[in-house]
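If you read the sequence from its start, that first residue is 1, and numbering goes on from there.
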Amino acid sequence: MVAVFVACGALPAPSAQAATIITVVATGAVTTSSDPSLLGVSMSIEQRFTLDPAQVFPGTTSSIATFSTLQVSVTLGSSVYVYSSTGATSAFGLYAIQMLDGVTPSSVDAQSTIEAGGDLLLANALIQSSTDDLTADADLLQNLVFPPAPASAALTFGFSLADAASGDVYYWAFSERVTSLTVTVTEVTIPAPAAFGLLAVGLAGLIVIRRHSPQG
């Protein structure tokens, strides 16, 4: 005989989690590549990060945050290549702002690394200026849009693919003719698991108990 006890009551609802997503998009034309046919071809690279609040390191001359890279999308002409952290061996991101005077940023740097299927993808976008007039806001987590950019600014972005085991780079494309670079900071809420999910787990356990109960 199997006795089944069912307790009914309200369980405390799990709280939703807040997350910070940073999306860096750079567009331009390829100026150097392992494939000569890509020279002059339009290129766009989107890096999407999720922030771990414990990995933010603000400072008086620089602010750095390490991220988990969610996804890197590379568009070359009419071809789109998407590299996702889902199923990847590793995925890592770095986002940094450097200040010349301790107040105003002089450079913005975004880097992504994704290892998957024996390949290692490296992507980056960089704005660097010899002056301190990139933006009036020194907050690390801010929206940025370029152009406009200082005349002294060097803008570049690109990607490379390497063999993960040997580290040998076999394919790359970079641009020094950047037409735009944007940084978008989005606060999103990850919903808590629904109550019926907990109920489903309980029912599954009950089925297992019945299937393994002695018959008599």
Side-chain angles (χ1 to χ4, degrees), residues 14-28 30 33-35 37-38 41-57 64-96 108-126 140-141 143 156-175 181-205 207-208:
S15 58
Q17 297 179 346
T20 299
I21 304 295
I22 286 191
T23 303
V24 180
V25 181
T27 60
V30 176
S33 174
S34 58
D35 182 356
S37 67
L38 291 179
V41 171
S42 62
M43 178 171 63
S44 175
I45 297 180
E46 177 186 286
Q47 302 178 69
R48 187 174 300 173
F49 310 99
T50 180
L51 172 65
D52 178 356
Q55 301 301 314
V56 177
F57 308 98
I64 299 174
T66 57
F67 295 79
S68 296
T69 302
L70 294 178
Q71 180 175 291
V72 176
S73 299
V74 178
T75 301
L76 287 167
S78 59
S79 301
V80 180
Y81 307 91
V82 178
Y83 302 86
S84 174
S85 60
T86 303
T89 304
S90 64
F92 174 77
L94 174 70
Y95 183 71
V108 177
D109 188 13
Q111 303 176 27
S112 294
T113 302
I114 296 179
E115 180 181 345
D119 289 329
L120 183 65
L121 169 76
L122 302 176
N124 80 297
L126 173 67
L140 177 67
L141 302 180
N143 294 326
T156 183
F157 74 101
F159 74 97
S160 65
L161 288 169
D163 181 272
S166 65
D168 294 335
V169 177
Y170 62 85
Y171 194 79
W172 71 86
F174 290 90
S175 173
L181 194 150
T182 62
V183 177
T184 305
V185 181
T186 307
E187 298 293 335
V188 298
T189 300
I190 302 174
F196 66 80
L198 299 176
L199 176 60
V201 172
L203 292 177
I207 292 172
V208 171

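Of the inter-residue distances, the one linking S73 atom OG with I45 atom CD1 reads 10.0 Å to the nearest 0.5 angstrom. Here CD1 of I21 is found 8.0 Å from CZ of R48. Values are rounded to the nearest 0.5 Å. Taking OG of S42 as the reference point, atom CG of L76 lies at 8.0 Å (rounded to 0.5 Å). Distance check, rounded to the nearest 0.5 Å: OG1 of T50 to CZ of F67 gives 8.5 Å. Within the model, atoms CG of L120 and CG of L161 stand 8.5 Å from one another, a figure rounded to the nearest 0.5 Å. Atom CG of L70 sits about 11.0 Å away from atom CD1 of I22, to the nearest 0.5 Å.
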Yes or no on side chain to side chain donor-acceptor pair (under 3.5 Å) for D35 and S33, after CA distance, side-chain angles and deciding distance? CA-CA 5 Å; D35 182 356; S33 174; 5.8 Å; no
Using the side chain to side chain contact (heavy atoms under 4.5 Å, CB included) rule, take T20 and V185 through it: C-alpha gap first, then chi angles, then the decisive distance, then the call. CA-CA 7 Å; T20 299; V185 181; 3.9 Å; yes
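Residues F157 and N124 are not in side-chain contact: their nearest non-hydrogen atoms beyond the backbone lie 4.5 Å or more apart. Within the 4.5 Å cutoff, side-chain heavy atoms of M43 are placed close to those of F159. A 4.5 Å side-chain heavy-atom check between F49 and V24 finds at least one atom pair inside the cut-off. By the 4.5 Å heavy-atom criterion applied to side chains, V30 and F174 are not counted as neighbours. You'll find the side chain of V108 stays beyond 4.5 Å of the side chain of L126, heavy atoms only.
Between the side chains of Q47 and S112, at least one donor N or O sits under 3.5 Å from an acceptor N or O. Between the side chains of D168 and S166, a donor-acceptor pair is found at a separation under 3.5 Å. In summary, the side chains of Y170 and D119 do present a donor paired with an acceptor at a separation below 3.5 Å, with no hydrogens or angles considered.
Taking every heavy atom of both residues into account, A125 and A26 meet most closely at CB-CB, 4.4 Å. Closest approach of L38 to A173, counting heavy atoms only: CD1-CB, 4.4 Å. Scanning both residues, I114 and V72, for their nearest heavy atoms gives CD1-CG2, 4.0 Å.
Take T69 and apply the side-chain hydrogen bond (donor to acceptor under 3.5 Å, both in side chains) test, not counting sequence neighbours, and it matches no residue. Every residue two or more places apart in sequence or in another chain was checked for a side-chain hydrogen bond (donor to acceptor under 3.5 Å, both in side chains) with T182, and none qualifies.
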